[in-house]
Every structure is written in structure tokens, then in C-alpha cells.
**Student:** 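Structure below; questions to follow.
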There are 2 protein chains.
Amino acid sequence: MKLHLNNAFDNRIDLPPSILEKGITKRFKKGDILFNKGDQSKNLTYINRGIVGLVNLAPNGHESLLRVFGEKFFLGYRSFLVGEHYHASAIALSDGELLIFPYTGAEEVQAHLPELFLHLTRMIARDLRIAEERFNDITGKRVVSRIIETLIFLKQRHPGYQWTRREIGEFCGAKTETVTRALTKLEKAGLIEKEGREIHLSDIQELLEYSEGQEALNQ
Amino acid sequence: MKLHLNNAFDNRIDLPPSILEKGITKRFKKGDILFNKGDQSKNLTYINRGIVGLVNLAPNGHESLLRVFGEKFFLGYRSFLVGEHYHASAIALSDGELLIFPYTGAEEVQAHLPELFLHLTRMIARDLRIAEERFNDITGKRVVSRIIETLIFLKQRHPGYQWTRREIGEFCGAKTETVTRALTKLEKAGLIEKEGREIHLSDIQELLEYSEGQEALNQ
DNA sequence: CGATAGATTGAGAGTTTTCAACCGATGTGG
DNA sequence: CCACATCGGTTGAAAACTCTCAATCTATCG
């Protein structure tokens, strides 16, 4: 999971005015669903302001937080490029503003905006690495380690946002209560500080060392 | 996870002779390491014959099977396109033969072989969906369900190969013994047949129904 | 100020892993 | 061609995480 740290802002991009001006502005409010799992992807979206989560709600009620998109992130590019239906829903975690680009499909972007196309491809490639690193973590590490790494990842990528225990858990496969217990433990160990709902990471290096010390799964 | 089934062969591609003839042929044997985690990606590879696993070995010894590549699959395209070091190792699961294309990087492919570039992009996009669907499964489903879905996925994609309990487990986050117990249970329920080391799936639809019935994780 | 969402804590339950022993098949070298 | 080593598979009992459920507390917002 360490690689995440070196790539905290990889997916943030400043668009040139020539592209920006072609987007259609649209505001959204916290809790809004920006697209639904199963919908056909019709356009490429960019976040001017705000923060959005890609969430999967399973039929049995289980929810997971797959990715998070902040200011200057694209959104919905995976489905757009491959022409699939969305495999998860985008839910606004804060108020904000979108730019919508009504391109017809991957071919149009590739032909007319090759740089952007390459950028999007590389974003997906990094997303895939991160997803697979998370897979390693979830199958090979204790929940405390996963929570530590999630804290570091989410905090570094989106410092402004106050992550809830639930969101942290949904990102790393843990229940809310488990996250609470882990945070209490970390606070007692002097590795984090809780201030109301805000969480401060005292020393990332120490946190990572603590994580590694957490009795790795044997075998 | 159901979507996997509709895309069993998505990542298989027949290359035209114009591309094929430019590749350098290289044989490999079962157990060979085709590239190592941490290596710099230098070329694009295609599998003429054989089957290859993308494997992560964590420092604590935990192993996971991230993806599997068969005949007519590309290999190593994620790292190649984004210009990253490999985040996992490629290990030959059988004897086989590679074609190596010494392209200099993503830009060259985009400029000279735009169709191939689009294909690779879409492959990564599908890989990302599959990885995230697996993430949902691993956090939200019981181990028996995961094993069932893994059996179906791996068997459909690579019918010729005899999957071991260990590989099945490494693909869905379960220990070898757990896979054994699950298979015994499924055999007793008449849903699969074991014939030596070969596993026959009697009825995929029934298997999926059984999977859903397996007391979903609450909440 | 009340309502609601989020956080905390405890006790008990349950799934999956761990550890250990054993079996059977496969393959290799003498 | 047999002996033996090795790999994969099976089974059982015990241990260990993490979850579940329930109750209570706190923060935030209208």
C-alpha cells in the first residue's frame, strides 16, 4: 500500500481553458447521486469543486467505497472509455460543482484530444494498481493495518474532508465499530489525535511502523 | 461478480500478422518468473501459448493471485502504459511461448497503433471493474460464495487449466484448507464433481443460486 | 432545544484461520 | 522399475479475529 503515498495527487489535473470552456456546469449537493450503478455512461465528467465517492451497494445491503474523487479529478472515465454501464454509483460526499463534457465516446477523445486520452488511460492504470494493492491488503493484513493505511491514503488525498468511521470502514472492509476501536487503540498509543470528529495523524512514519508491527497474518 | 461471466474472453485478442511478425518469440517453462515486482516495464508482451499468473508476494509471506493471462492475452500492459514499475510478479503456471514487442512506451503505441492502444486501454478498464467487483465480494460475501464465483470465473476463462486449491484461494482471499472444505461441501450438495484433481461444475446457474443463498453478511 | 447522525463501549457469537497429522498422486534419481 | 521425496489434498480441533447486537453518549443542524 505504500506506493499510494507517492501518488497522492496523481489523479488531479488542471485542464487548459480550451477544454474547460466546452464543459457544461452543474451544481450538486451532498448526498446527490451523480450517476447510478447500471446506467449507461454517456459523458465524461470533471469536478470543479467538491468531493465524490464511487460506492457499491450490494443486493444484501453491504456497501463499499471503491474510489474517491476530489477537486480537479475526472469522474466516470472508466465506464466512458470502455463503453460499459457504470458498475457502481457516484454519490456526492459534499456540495460541489461538475463540468460535463458531452463527448460521444473514447474514439472521439482519442482522435481529437490524444493527450487527454493518454492521461485518462494512465489514470485507470493507476487506479488498477491501487485497487490491486488494496486487494493484497484486505486478504493479507489485519484490520488495524488496513485502517492505518486507509487513514493515510484518504487524508493525504483529500485533506479537507472529515472522514467518518463508516466511510473509512467501507474503504478497507471493516465495520464502523471496528474502526472506532482501532482509532481508540491508536490514540492510546499516541499515534493519532481525535478532536471532535476530526482525526489528526501525528506521525505517518510511526503509523506505518506500527502497522507493520501488527502481527502480520502468518503463512 | 456476475458480470464477469459475460466478459469471460474480453481480454483475448487475435493480432494481425502485420503486428505479430514484429514480436520476438521466447519460450518459458512452468514456474518461470516472467517479470518481477519492482522491475521497470520495458516492453509489451503477448502470450502465444500457455498460462501466466500475476502474483503478489507480500513481505509477510502472504500471496495473492491478482490476474490470470492465457493464450492470446497481453501481459504487462498496465505497467507499460503508465510507465510504472511492476506492482506484482508474473509467474508461468504452465509451459508456453511469449511474443515480446519492444515498443518504447505508451506514446509510440498511441501514435503508430491507435487501435491497439484503445484495445489496451479498454482491457485495463475491464480489469479495473473486475478488481473492484472482487473487492465488493471479498468485503461483503462469505468465503463459500467467493469460492463459487472464483471457480466459475477461472473455469470459464481458462477451461484447460487444472486450478489448485491454493490458486483458487489466492484468487479470492481464502486459505487452501478453506477451499478444500468448501469444495467438499459443494460436492455433497451435488453442485460439483471432483475427479482426481479436476473439478467439474455441474450447473452454473444452481451454483450461483447456492452462492446467493449462503447467508449473506448482514448489513 | 429537540432531532438526528455519528461515535463509543461491552458482551457474546460466528466464520475463517491456524496448526498438525495424514493420505494420495506425481515425478525423479539410483 | 522401484524407492523416496515432494506437492497437493483432506480432516479435525482449537484459537483468533472481527462482526453482531444493543445500549449509551456526543456532535451537529434546523
Side-chain angles (χ1 to χ4, degrees), chain A residues 29-31 58 60-65 91 93-95 137-148 150-151 161-170 172-188 192-199 211 214-219, chain B residues 29-31 58 60-65 91 93-95 137-148 150-151 161-170 172-188 192-199 211 214-219:
Chain A
K29 292 216 157 297
K30 178 172 175 168
N60 64 24
H62 178 82
E63 218 166 322
S64 45
L65 179 56
I91 299 181
L93 302 182
S94 75
D95 293 358
D137 283 359
I138 224 168
T139 58
K141 290 186 182 172
R142 293 267 117 88
V143 77
V144 182
S145 299
R146 301 196 319 255
I147 289 170
I148 288 176
T150 300
L151 280 174
Y161 185 73
Q162 277 212 359
W163 299 97
T164 65
R165 314 298 191 250
R166 182 156 182 222
E167 287 159 348
I168 294 167
E170 286 179 0
C172 67
K175 293 294 162 203
T176 306
E177 298 94 323
T178 305
V179 176
T180 290
R181 284 186 242 270
L183 293 182
T184 303
K185 200 170 158 187
L186 293 177
E187 190 176 36
K188 280 184 183 148
I192 64 170
E193 281 173 67
K194 292 188 276 181
E195 187 186 331
R197 277 180 187 164
E198 185 58 51
I199 301 164
S211 165
Q214 277 310 100
E215 205 66 24
L217 257 48
N218 307 328
Q219 256 279 347
Chain B
K29 291 215 159 295
K30 178 173 176 169
N60 65 25
H62 178 82
E63 219 165 321
S64 45
L65 179 56
I91 299 181
L93 303 182
S94 76
D95 293 358
D137 282 358
I138 224 168
T139 59
K141 291 187 180 171
R142 292 266 119 89
V143 75
V144 182
S145 299
R146 296 188 333 245
I147 290 170
I148 289 175
T150 299
L151 280 174
Y161 185 73
Q162 278 213 355
W163 299 98
T164 66
R165 315 298 191 248
R166 183 158 181 221
E167 287 158 348
I168 294 167
E170 286 179 1
C172 68
K175 295 291 163 205
T176 306
E177 298 93 324
T178 306
V179 176
T180 289
R181 283 186 242 271
L183 293 182
T184 303
K185 200 170 157 187
L186 292 177
E187 190 175 38
K188 279 182 184 150
I192 66 171
E193 281 173 66
K194 291 189 278 182
E195 187 185 330
R197 280 183 184 160
E198 185 57 51
I199 302 164
S211 165
Q214 276 310 99
E215 205 65 25
L217 257 47
N218 306 329
Q219 255 285 340

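First the proteins, then the strands, lettered A, B, ... as listed; each starts at 1. On a predicted model such as this, the values are computed, not experimentally measured, just so you know.
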**Student:** Measure CD/A/E170 against P/C/dG6 and give the value in whole Å, please.
**Tutor:** 10 Å
**Student:** State which residues pass salt bridge (Lys or Arg N to Asp or Glu O under 4.0 Å) with A/E177; sequence neighbours excluded, sorted by chain then number.
**Tutor:** none
**Student:** Rounded to the nearest angstrom, tell me the gap between atom CG in A/N60 and atom C1' in D/dT20.
**Tutor:** 15 Å
**Student:** For A/E198, enumerate each residue passing the side-chain hydrogen bond (donor to acceptor under 3.5 Å, both in side chains) test, keeping only those at least two apart in sequence or located in another chain.
**Tutor:** A/K155, A/Q162
**Student:** To the nearest 0.5 angstrom, please state how far the OG1 atom of A/T184 sits from the NZ atom of A/K194.
**Tutor:** 3.5 Å
**Student:** Between C1' on C/dA25 and CD on B/E195, what's the gap in Å once rounded to a whole number?
**Tutor:** 15 Å
**Student:** Can you tell me if A/R142 uses its side chain to pair, donor with acceptor, with the backbone of A/Q214 under 3.5 Å?
**Tutor:** no
**Student:** Starting at NZ of B/K29, measure out to CG of B/D95 and round the result to the nearest 0.5 Å.
**Tutor:** 4.5 Å
**Student:** A/R146 has an atom CZ; how far is it from atom P of D/dC17, in whole Å?
**Tutor:** 13 Å
**Student:** To the nearest 0.5 Å, tell me how far A/S211 OG sits from A/D137 CG.
**Tutor:** 8.0 Å
**Student:** Find every protein N or O atom lying less than 3.5 Å from an N or O atom of nucleotides 11-16 of chain D, and list the pairs.
**Tutor:**
residue: D/dT11; atom: OP2; partner: B/T184; partner atom: OG1; Å: 3.4
residue: D/dG12; atom: N7; partner: B/R181; partner atom: NH1; Å: 2.9
residue: D/dG12; atom: O6; partner: B/R181; partner atom: NH2; Å: 3.1

**Student:** If you round to the nearest 0.5 Å, how far is OG1 of B/T176 from CZ of B/R181?
**Tutor:** 11.0 Å
**Student:** Could you state the CD-P distance from A/E187 to C/dA7, rounded to the nearest angstrom?
**Tutor:** 14 Å
**Student:** What is the distance from CD of A/E198 to P of C/dG6, rounded to the nearest Å?
**Tutor:** 16 Å
**Student:** Just the table, please: protein N/O against nucleotides 25-30 of chain D N/O, every pair under 3.5 Å.
**Tutor:**
none

**Student:** Mind calculating the distance between CD1 (A/I168) and P (C/dT8) to the nearest angstrom?
**Tutor:** 10 Å
**Student:** Measure from CZ on B/R165 to P on C/dT17 and round the result to the nearest Å.
**Tutor:** 16 Å
**Student:** Would you indicate what A/G173 reaches in the nucleic acid, counting non-hydrogen atoms under 4.0 angstrom: base, sugar-phosphate, or nothing?
**Tutor:** sugar-phosphate
**Student:** When you measure from the side chain of A/R197 to the backbone N and O of A/T164, does any donor-acceptor pair fall under 3.5 Å?
**Tutor:** no
**Student:** Tell me if the NZ atom of A/K30 is crowded by more than 12 foreign heavy atoms within 6.0 Å.
**Tutor:** no
**Student:** Which distance, rounded to the nearest 0.5 Å, do you find between the CD1 of B/I199 and the CG of B/L183?
**Tutor:** 5.0 Å
**Student:** Apply side-chain hydrogen bond (donor to acceptor under 3.5 Å, both in side chains) to A/S64 and list each qualifying residue two or more places apart in sequence or on a separate chain.
**Tutor:** B/N136
**Student:** If the helix axis at each end comes from five base pairs, how far does the helix from C/dC1-D/dG30 to C/dG30-D/dC1 deviate from straight, to 10°?
**Tutor:** 50°
